[in-house]
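Down below is the structure, laid out as structure tokens.
Along the sequence shown, the residues carry numbers beginning at 1.
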Amino acid sequence: TLSTSQTLVEHLLWQLHMQSCTDAEMTCAHVILMNLDDKGYLAMSLEQVAEEAEAELDDAEGAQMIVQSLDPIGCGSTSLEECLVVQARAEYPEDPFIAEIITEHLRDFESRNYQAVARAMDMELEDVVEYHRMIRELEPWPGRGYADADPQYITPDVYIYKVGDEYVISLNEDGMPKLKISPFYIEKLRAAERGDPSKSYIRDKMRSATWLIRSIHQRQRTIYKVCESILKYQRDWFDEKGPLKPLILREVADDIEMHESTVSRVTSRKYLHCHRGIFELKYFFNSSINTTDGANIASEAVKDEIRRIVAAENPKKPLSDAAIVKLLAEKDIHIARRTVAKYRDVLHILPSNKRKQVF
């Protein structure tokens, strides 16, 4: 059966209608729910909530407390600190320090500055680290589980199979319409007498249909040629003998003797399935980096290596950007430290001081 997933607002509304509150608080709560962003945060001030609901500020504050207590806890907050404090008080109601620690020292935890928190709170270092562990178990974006709830499935357009030492390219034509001209209209065209207006009408429509069928077949052939060219240029990557090579649309366009814009169109939102996984065709087109030794290397290859190096590091002794540069050099990838920092940011990898685990 066809169904849709429940949204965050629907989930909260269902709970809200079972709460005991005044009419003004209920009105304010509805305003709050209608102004939540994808993360579950309130996208307006409480003063604006009260104004829109034509209620008092106290009613808006009471409504916010009600919404924050619903599942997922913390929705309706206006800041990260407020959201985490609401969750912490619900999770650790008897802890006298966690709310103050979150409010005053969240930035110190972000930079792993445990000593500063310990001095300010007059605590042992081990206790501060334990508080950090407790805070990390809280949900900074309570509405995250309801954002984009409907999964987006990818159906590969092309399959590449390895048979012996060679690769076979197969287009996925499942679901593609098998178009052809209806024999009924072919017979009508033959039977129509000269001067019959229906004859020219049918001929025009058949000409358009023939053009459409040829265009679809031509597009499929173009996709095949593009994949064939990608396989030729990136053969080492498919054989797992080396990283991706720098490749631009113009090189493939020249190889298959087509315009660059044509290659760009047929590779947009098209996916390839091979033994290494499913990849968008544009994944194989990446810019080159001029390394310090004068050679060129693909940017995606550098990102993959940085990702692997960080995943394998000791979390108690995370690698600095300079250390990553040295490890890349051992793999014959000679790049500057600022390039490592740039791609680390692109990969959403924190700096070493923020990745460090003390205990």
Side-chain angles (χ1 to χ4, degrees), residues 37-47 57 61-62 64-65 67-145 306-307 309-327 336-359:
D37 60 19
D38 291 340
K39 299 176 183 178
Y41 286 88
L42 177 59
M44 61 195 306
S45 67
L46 289 179
E47 289 77 7
L57 182 59
E61 291 174 348
Q64 185 191 37
M65 292 177 64
V67 173
Q68 288 175 330
S69 67
L70 304 178
D71 174 69
I73 295 177
C75 287
S77 301
T78 55
S79 67
L80 174 62
E81 289 82 0
E82 182 183 3
C83 178
L84 295 180
V85 166
V86 170
Q87 295 179 50
R89 284 174 173 164
E91 185 72 19
Y92 310 104
E94 298 180 0
D95 193 299
F97 302 113
I98 192 165
E100 180 182 352
I101 285 179
I102 292 174
T103 304
E104 302 294 335
H105 302 287
L106 199 59
R107 297 296 172 254
D108 289 325
F109 280 122
E110 182 181 349
S111 60
R112 303 296 199 274
N113 191 0
Y114 298 130
Q115 289 79 6
V117 181
R119 286 193 301 270
M121 298 296 296
D122 192 22
M123 289 182 177
E124 297 293 332
L125 188 62
E126 291 79 1
D127 294 332
V128 174
V129 174
E130 178 62 19
Y131 271 114
H132 191 198
R133 183 197 63 78
M134 294 161 60
I135 293 172
R136 289 174 64 182
E137 291 179 353
L138 304 177
E139 175 54 73
W141 297 350
R144 172 169 24 199
I306 293 174
R307 189 185 293 110
I309 289 172
V310 173
E313 72 181 2
N314 182 352
K316 293 184 179 181
K317 295 182 180 180
L319 299 168
S320 64
D321 292 344
I324 294 176
V325 168
K326 292 180 180 179
L327 291 175
R337 186 196 60 79
R338 62 179 179 275
T339 306
V340 171
K342 171 185 173 182
Y343 285 125
R344 179 174 50 71
D345 289 339
V346 171
L347 296 170
H348 304 293
I349 297 174
L350 295 172
S352 58
N353 65 321
K354 295 184 180 181
R355 299 199 306 271
K356 185 175 182 180
Q357 295 181 11
V358 178
F359 295 98

Set of salt bridge (Lys or Arg N to Asp or Glu O under 4.0 Å) partners for Arg338, sequence neighbours left out: none
Using 0.5 Å steps for rounding, measure from the CG atom of Leu42 to the CD atom of Gln64. 6.5 Å
Under 3.5 Å: donor-acceptor pair, side chain of Arg355, backbone of Leu350: yes
State, to 0.1 Å, how close Val325 and Arg337 come at their nearest heavy-atom pair, and which atoms those are. CG2-CA, 3.6 Å
Looking only at heavy atoms, what is the nearest atom pair of Tyr41 and Cys83, with distance? OH-CB, 3.8 Å
Using a 3.5 Å distance criterion without hydrogens, assess whether the side chain of Glu110 forms a donor-acceptor pair with backbone atoms of Lys354. no
For Leu319, does its backbone N or O pair with a side-chain atom of Glu313 as donor and acceptor, under 3.5 Å? yes
On a heavy-atom basis, the closest approach of Gly143 and Cys75 is N-SG, 4.3 Å
Could you check His105 against Val128 for side chain to side chain contact (heavy atoms under 4.5 Å, CB included), going step by step and ending with a plain yes or no? CA-CA 11 Å; His105 302 287; Val128 174; over 6 Å; no
For Pro142 against Pro72, the heavy-atom pair lying closest together: O-CG, 3.2 Å
How long is the straight-line distance from CD of Gln87 back to OH of Tyr92, given to the nearest 0.5 Å? 10.5 Å
If we only count heavy atoms from C-beta on, is the Pro140 to Lys39 side-chain gap below 4.5 Å? no
I want to check something: taking the side chain as every heavy atom from C-beta on, are Arg107 and Glu81 in contact at a cut-off of under 4.5 Å? yes
Between CD1 on residue Ile324 and OG1 on residue Thr339, distance to nearest 0.5 Å: 12.5 Å
Partners of Glu104 by salt bridge (Lys or Arg N to Asp or Glu O under 4.0 Å), sequence neighbours excluded? none
Report, one line per pair, each donor and acceptor closer than 3.5 Å where one atom sits in a side chain of residues 116-124; sequence neighbours left out.
none

Supply the atom-to-atom distance Met44 CE to Thr78 OG1, rounded to the nearest 0.5 angstrom. 12.0 Å
Among all residues two or more places apart in sequence or in another chain, which pass the salt bridge (Lys or Arg N to Asp or Glu O under 4.0 Å) test with Glu139? Arg144
Sequence neighbours left out, what passes ring-ring contact (aromatic ring centres under 6.0 Å, His included) with Tyr343? Give chain and number order. none
Atom CG of Leu84 and atom CD1 of Ile73: how far apart are they, to the nearest 0.5 Å? 12.5 Å
Minimum heavy-atom separation for Ile101 to Ile135, with atom names? CG2-CD1, 4.0 Å
Just verifying a value: how many Å separate Ile309 CD1 and Leu327 CG, rounded to the nearest 0.5 Å? 5.0 Å
Please report the closest heavy-atom contact between Gln68 and Ser77, naming both atoms and the distance. NE2-OG, 3.1 Å
Check the pair Asn353 / Arg112 against side chain to side chain contact (heavy atoms under 4.5 Å, CB included), numbers first and verdict last. CA-CA 7 Å; Asn353 65 321; Arg112 303 296 199 274; 6.0 Å; no
Listed partners of His132 passing ring-ring contact (aromatic ring centres under 6.0 Å, His included), at least two apart: Phe109, Tyr114
